[in-house]
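What follows is one structure encoded as structure tokens, with my remarks underneath.
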Amino acid sequence: MLRAVLAVASVALTVFALADCIQTDASRMRGIPKWAWIVLIVLIPWAGPLTWLVVGRDRSQGDGAARRPGSAPSRGPLAPDDDPDFLRKLDEDVRRRRREREQRTDGDEGSGPSA
């Protein structure tokens, strides 16, 4: 039974590390190229996946993981409604549409039939 649990754990760890490696941008990898990490993960059970998870990629840039208390705040807005550029553009779009609608209604009033 223990052998089965260890085999399943080994496969699960390998699949997880392999998926993480494949999805990671090559610029965030440490030491060796992506293809070499993939070979290491697949061919060396336990050591390959664990090495990838511990030292394989640069995790200092933040990858959506929860922040630790006391850590530096994340860079940039978290949602579109926190982004000042997005809000400014949204406001400009609303004003532009309102102006266009007012111009259309003003144009329709002036072009009516004259009696």
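All values reported here derive from a predicted model rather than from experimental measurement. Along the sequence shown, residues carry numbers from 1.
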**Asked** Taking a hydrophobic cluster as the set of Ile, Leu, Val, Met, Phe, Trp and Tyr residues connected by side-chain heavy atoms closer than 4.5 Å, whether directly or through intermediates, do Leu43 and Trp35 fall within one such cluster?
**Response** yes
**Request:** May I ask you to decide if Asp25's main-chain N or O and Lys34's side chain share a donor-acceptor pair within less than 3.5 Å?
**Result:** no
**Fill in**
Rounding to 0.5 Å, atoms CD1 (Ile44) and CG (Leu40) come to a distance of 4.5 Å
**Item:** hydrophobic_cluster_shared for Leu53 and Trp46, side chain cutoff 4.5 Å
**Value:** yes
**Message:** Is there a continuous path of hydrophobic side-chain contacts, each under 4.5 Å between heavy atoms, that joins Val11 to Ile22?
**Reply:** no
**Request:** Write down the atom of Ala17, the atom of Ile41, and the distance for their closest heavy-atom approach.
**Result:** O-CD1, 3.7 Å
**Asked** Which heavy-atom pair separates Pro49 from Pro45 by the least distance, and what is that distance?
**Response** CD-C, 4.4 Å
**Asked** So does Arg96 have more than 12 non-hydrogen atoms from other groups sitting under 6.0 Å from CZ?
**Response** yes
**Prompt:** Linking I/L/V/M/F/W/Y whenever any side-chain heavy atoms sit under 4.5 Å apart, do Val42 and Ile32 land together?
**Reply:** yes
**Prompt:** Are the side chain of Ser10 and the backbone of Leu6 linked by a donor-acceptor contact shorter than 3.5 Å?
**Reply:** no
**Asked** Given the rule that I, L, V, M, F, W and Y join up when any side-chain heavy atoms are under 4.5 Å apart, are Leu50 and Val5 in one cluster?
**Response** no
**Prompt:** Is Lys89 salt-bridged to Asp85, cutoff N-O under 4.0 Å?
**Reply:** no
**Prompt:** Where do Asp20 and Trp52 land on the side chain to side chain contact (heavy atoms under 4.5 Å, CB included) test, with the steps shown first?
**Reply:** CA-CA 9 Å; Asp20 188 43; Trp52 165 255; 3.0 Å; yes
**Item:** Nearest heavy atoms of Ile38 and Cys21, plus distance in Å
**Value:** CG1-SG, 3.8 Å
**Request:** Please round to the nearest 0.5 Å and tell me the distance separating atom CZ of Arg101 and atom CZ of Arg104.
**Result:** 8.0 Å
**Request:** Can you measure from CZ (Arg95) to CZ (Arg99) and round to the nearest 0.5 angstrom?
**Result:** 8.5 Å
**Message:** Has Trp37 got a side-chain atom pairing as donor or acceptor with Arg30's backbone, closer than 3.5 angstrom?
**Reply:** yes
